[in-house]
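Read through the structure below, which is laid out as structure tokens, and then see the notes.
Numbering of residues begins at 1 and proceeds along the displayed sequence. Atoms considered below: every heavy atom in the structure, side chains included; atoms not considered: hydrogens, waters and symmetry mates.
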Amino acid sequence: QVQLVESGGGSVQAGGSLRLSCVASGYTYSTYCMGWFRQTPGKEREGVAAIDSDGSTSYADSVKGRFTISKDNAKNTLFLQMNSLKPEDTATYYCAAVASRSTVEGCWRLLEDNGYWGQGTQVTVSS
């Protein structure tokens, strides 16, 4: 059984930083696409960043240059470093994983359609 547990959310002022973590268990970590998504009430879930099994990354335009996705295979942990946070980054952030050797471009749809999901962690950015 695949389990994903996020942590690291919180409340910060605009311009601040947070680092989200997602500890994964129950699968061979290195052969998965993984990603971060976010959602606010009344809005559709939005893909934020993805990383494939080779370590290639992809970002939503809204976070490029501010957010960095990375993973520590030895610790089965996915990270999202978020800098220069804006009020519009306020959302519940979810970690997702799917077994695949797809390139990162293909990871987005695979995560949406077939991914395992964590319970989410809240990020609130005040102006």
Side-chain angles (χ1 to χ4, degrees):
Q1 180 72 21
V2 176
Q3 290 188 321
L4 304 171
V5 180
E6 303 99 331
S7 63
S11 298
V12 296
Q13 291 190 327
S17 297
L18 283 173
R19 189 191 197 201
L20 305 184
S21 298
C22 172
V23 178
S25 62
Y27 63 89
T28 306
Y29 181 79
S30 63
T31 59
Y32 272 63
C33 288
M34 299 194 77
W36 291 97
F37 292 74
R38 65 187 181 187
Q39 190 169 24
T40 55
K43 293 187 178 180
E44 290 189 0
R45 186 169 58 195
E46 173 190 22
V48 175
I51 186 167
D52 66 19
S53 58
D54 291 330
S56 297
T57 58
S58 178
Y59 297 92
D61 288 342
S62 59
V63 306
K64 280 181 181 177
R66 300 188 298 123
F67 290 11
T68 302
I69 188 171
S70 63
K71 60 181 180 176
D72 183 334
N73 289 339
K75 296 183 179 180
N76 283 1
T77 303
L78 181 73
F79 301 101
L80 185 68
Q81 178 66 44
M82 305 187 294
N83 298 328
S84 302
L85 282 161
K86 304 176 181 180
E88 51 264 43
D89 295 319
T90 295
T92 301
Y93 283 72
Y94 298 90
C95 169
V98 63
S100 176
R101 295 188 180 275
S102 172
T103 60
V104 69
E105 291 78 13
C107 283
W108 291 108
R109 176 55 60 189
L110 289 169
L111 287 166
E112 287 271 21
D113 293 347
N114 302 300
Y116 295 97
W117 295 85
Q119 82 289 347
T121 186
Q122 178 66 35
V123 172
T124 302
V125 185
S126 59
S127 58

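- What you find for Ser102 and Leu110 is that their closest heavy atoms are CB-CD1, 3.6 Å.
- Distance check: Leu80 CG to Glu6 CD gives 11.0 Å after rounding to the nearest 0.5 Å.
- Put simply, the side chain of Leu85 reaches to within 4.5 Å of the side chain of Phe67, judged on heavy atoms.
- Of all non-hydrogen atoms in Gln119 and Tyr94, the two that sit nearest each other are O-CE2, 3.5 Å.
- Looking at every heavy atom in both residues, Glu112 comes nearest to Arg45 through OE1-NH2, 2.9 Å.
- In Glu46, the CD atom is crowded: over 12 heavy atoms of neighbouring residues, nucleotides or ligands sit closer than 6.0 Å.
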Would you check, one step at a time, whether the test side chain to side chain contact (heavy atoms under 4.5 Å, CB included) holds for Cys95 with Trp117? CA-CA 6 Å; Cys95 169; Trp117 295 85; over 6 Å; no

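- Nearest heavy atoms, Ser70 versus Ile51: CA-CD1, 4.2 Å.
- Separation of atoms OG1 (Thr92) and CZ (Arg38) is listed at 11.5 Å; rounding is to 0.5 Å.
- Between the CD atom in Gln81 and the CG atom in Leu20 there is a gap of 9.0 Å [rounded to 0.5 Å].
- Both Leu18 and Val48 are part of a single hydrophobic cluster, where members link through side-chain heavy atoms under 4.5 Å apart.
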- Message: Is there a salt bridge (charged side-chain N to carboxylate O under 4.0 Å, His left out) between Lys64 and Asp61? Walk through the geometry before answering.
- Response: CA-CA 5 Å; Lys64 280 181 181 177; Asp61 288 342; 3.1 Å; yes

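- To the nearest 0.5 Å, atoms CZ (Arg19) and CE (Met82) are separated by 11.5 Å.
- For the pair Arg66/Asp89, a side-chain contact is recorded, criterion being any heavy-atom separation below 4.5 Å from C-beta on.
- Although no hydrogens or angles enter the test, the distance criterion places no donor-acceptor pair under 3.5 Å between the side chain of Asp54 and the main chain of Ser56.
- Pairing each heavy atom of Ala60 with each of Gly47, the nearest pair is CB-O, 3.3 Å.
- Taking CD from Gln1 and OH from Tyr116, the interatomic distance works out to 7.0 Å, rounded to the nearest 0.5 Å.
- Between Ser58 and Glu105, every side-chain heavy-atom pair lies at or beyond the 4.5 Å cut-off.
- Val63 and Val12 end up in the same hydrophobic cluster when Ile, Leu, Val, Met, Phe, Trp and Tyr side chains are linked at under 4.5 Å.
- Residues Gln122 and Thr90 form a side-chain contact, since some pair of their non-hydrogen atoms from C-beta on lies under 4.5 Å apart.
- Taking 4.5 Å as the limit, every side-chain heavy atom of Leu78 sits out of range of all side-chain heavy atoms of Leu4.
- Contact check for Tyr32 versus Lys71: no side-chain heavy atoms found under the 4.5 Å cut-off.
- Note that OG of Ser126 and CD of Gln13 are 5.0 Å apart. Values are rounded to the nearest 0.5 Å.
- Looking at every heavy atom in both residues, Thr77 comes nearest to Ser21 through CG2-CB, 4.3 Å.
- No chain of hydrophobic side-chain contacts below 4.5 Å, direct or via other Ile, Leu, Val, Met, Phe, Trp or Tyr residues, connects Tyr93 to Leu111.
- Using cut-offs of 30° and 60° on the angle between ring planes, the pair Trp108 and Phe37 is perpendicular.
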